[in-house]
Amino acid sequence: MRDIHVDTITENVVAMCQSASFDLGDDMIRAFQSSLKTEKSEIGQDVLTQLLDNAEIAEQERIPMCQDTGVAVFFIEMGYDCKITGGDLYDAINQGVSQGYGDGYLRQSIVRDPLDRKNTGDNTPAITYVEMVEGDQLRIRFTAKGGGAENMSRLQMLKPSDGLEGIEDFVMESVRLAGPNACPPMIVGVGIGGSFEKSAYIAKKSLLRPVGERHEEERIASLEEEWMEKCNRLGIGPQGMGGTTTALDVKIEVHPCHIAALPVAVNIQCHANRHKEVTL
């Protein structure tokens with residue numbers, strides 16, 4: 001059994017929160033640069049250039065690349081041979097979020113009660129999912145999920161007879177309805193199967209895969225490429241100004257489901273695709 005102290009977890013969460021706000025990942029930078037070469041619209045090209053400039057300024061000046069510093073969402077993979085010492089895993093993560101967002105002067109975006117809308121003041125509580133896996137390591141994956149794109153996400157319980165055509169129609173309709181409100185170019189996460197909540201979970205988790213990385217199953221990887229091309233034919237373009245770059249990627253995850261059900265979730269990520277990970 002390997003021990004990991006909660007202080008180590010908190011320290012890493014602090015660093016992840018700030019790095020995610022200031023440093024856009026290399027996968028996104030490459031995606032912007034690649035799209036700039038293929039974008040047909042002059043306005044779209046200008047927007048992509050500004051997004052690249054914005055990312056560079058955020059990194060150099062250590063300021064958030066977007067005013068919406070998001071909801072702190074963590075996907076934890078905890079080894080069976082790993083033991084948390086010195087406290088509670090969830091408390092350690094929340095302490096790291098509170099300190100990381102506070103020290104970085106990042107926007108406080110979380111309200112304690114969805115009805116009275118009182119701000120918690122430190123961006124906690126984080127939303128934390130834990131999965132048990134083989135080994136003695138703790139893998140922490142973090143995303144700062146902004147509200148604009150999240151609000152454009154959808155879930156539908158389709159009929160099994162709707163099949164692949166029905167799923168594709170729902171995905172394309174979701175992207176079309178999102179339009180400029182999702183701050184494109186976007187990454188489209190799709191969860192197919194499972195249950196009502198499982199489809200939403202895997203749709204969001206799919207967004208952690210680096211842009212350009214295809215699904216390990218060839219049939220799913222082909223769908224990702226096909227649907228990305230179709231998204232980019234919608235004409236929404238960067239920031240909704242029109243153009244051929246609406247989606248930088250489409251990610252799909254699937255899960256076994258009930259014979260009478262076909263859950264499909266679409267979780268949209270804006271161009272501020274902030275995700276970091278660390279393995280302890």
Side-chain angles (χ1 to χ4, degrees), residues 1-25 58 62-133 135-151 153 189 197-198 200-208 267 269-270 272-280:
M1 185 66 70
R2 178 166 166 266
D3 292 350
I4 299 178
H5 197 276
V6 288
D7 288 348
T8 303
I9 297 171
T10 297
E11 291 169 5
N12 278 274
V13 169
V14 170
M16 293 169 77
C17 289
Q18 296 190 13
S19 179
S21 293
F22 306 149
D23 307 314
L24 194 59
R62 313 309 289 166
I63 56 176
M65 70 189 70
C66 175
Q67 52 81 29
D68 184 353
T69 55
V71 178
V73 183
F74 291 85
F75 292 84
I76 308 289
E77 293 180 7
M78 183 172 176
Y80 289 112
D81 298 322
C82 167
K83 179 183 177 184
I84 306 298
T85 62
D88 179 82
L89 171 63
Y90 297 97
D91 289 343
I93 290 172
N94 282 329
Q95 185 176 339
V97 170
S98 177
Q99 185 178 334
Y101 274 73
D103 291 350
Y105 302 104
L106 306 176
R107 193 184 82 172
Q108 299 164 358
S109 301
I110 303 301
V111 294
R112 175 71 62 189
D113 187 309
L115 299 181
D116 67 23
R117 315 300 294 182
K118 184 177 180 180
N119 200 297
T120 64
D122 64 357
N123 248 58
T124 65
I127 295 175
T128 303
Y129 304 102
V130 180
E131 294 181 25
M132 299 302 295
V133 299
D136 63 357
Q137 295 182 321
L138 187 72
R139 185 184 186 192
I140 303 173
R141 290 194 283 177
F142 163 70
T143 180
K145 196 70 171 65
E150 186 80 348
N151 285 343
S153 300
E197 76 281 5
K198 184 72 175 183
Y201 172 77
I202 59 178
K204 179 164 289 185
K205 190 176 180 181
S206 75
L207 298 171
L208 297 176
N267 192 220
Q269 173 61 55
C270 66
N273 183 23
R274 300 158 294 193
H275 56 91
K276 300 291 175 182
E277 74 171 78
V278 64
T279 300
L280 305 177

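Keep in mind that the numbers below use all heavy atoms, side chains included, and drop hydrogens, waters and symmetry copies. All figures in this text were calculated on a predicted structure; none of them were measured in a lab.
Formation of a donor-acceptor pair under 3.5 Å by the N12 side chain with backbone atoms of V278 is not found in this model. D68 places a side-chain N or O within donor-acceptor distance of the main-chain N or O of G147, the cut-off being under 3.5 Å. In this structure, the side chain of T279 does not engage the main chain of R139 through any donor-acceptor pair within 3.5 Å. Here the side chain of T10 pairs a donor or acceptor atom with the backbone of V6 at under 3.5 angstrom.
Separation of atoms CD1 (I84) and CD1 (I9) is listed at 4.0 Å; rounding is to 0.5 Å. Going from atom CG of D136 over to atom CE of M78 covers 11.0 Å, rounded to the nearest 0.5 Å. For the atom pair K145 NZ and L207 CG, the distance stands at 6.0 Å (nearest 0.5 Å). If you take CD on Q269 and CG on L208, they are separated by 9.5 Å, rounding to the nearest 0.5 Å. Atom-to-atom distance recorded for R107:CZ and N119:CG is 9.5 Å, nearest 0.5 angstrom. In this structure, D81 CG and R2 CZ are separated by 10.5 Å, a value rounded to the nearest 0.5 Å.
Residues K118 and D113 are not paired through a salt bridge, judged by the lack of any N-O separation under 4.0 Å between the basic side chain and the carboxylate.
Across all their heavy atoms, I4 and C82 have their closest contact at CD1-SG, 3.6 Å. For N123 against I110, the heavy-atom pair with the smallest separation is O-CG1, 3.7 Å. Smallest separation of non-hydrogen atoms from V73 and F75: CG1-CE1, 3.7 Å. Of all heavy-atom pairs between K276 and M16, the closest is O-CE, 3.4 Å. Here the closest heavy-atom approach between residue C66 and residue R274 is recorded as CB-NH1, 4.0 Å. Among all heavy-atom pairs drawn from Y101 and A144, the shortest one is OH-CB, 3.8 Å.
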For S109 and T69: C-alpha separation, side-chain torsions, deciding distance, then whether side-chain contact (heavy atoms from CB on, under 4.5 Å) applies. CA-CA 7 Å; S109 301; T69 55; 4.0 Å; yes
Start with the C-alpha gap between Q99 and D122, add the side-chain angles, then the distance that decides, and say whether side-chain hydrogen bond (donor to acceptor under 3.5 Å, both in side chains) holds. CA-CA 8 Å; Q99 185 178 334; D122 64 357; over 6 Å; no
Any chance you could lay out the side-chain contact (heavy atoms from CB on, under 4.5 Å) test for E11 and H5, step after step, and finish with the verdict? CA-CA 10 Å; E11 291 169 5; H5 197 276; over 6 Å; no
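Two residues are said to be in side-chain contact when any heavy atoms from C-beta on lie closer than 4.5 Å; E277 and E77 fail this criterion. Within the 4.5 Å cutoff, no side-chain heavy atoms of N94 are placed close to those of F74. Residues I93 and I76 form a side-chain contact, since some pair of their non-hydrogen atoms from C-beta on lies under 4.5 Å apart.
Counted by atom type alone, D23 and Q18 present zero donor-acceptor pairs between their side chains at under 3.5 Å.
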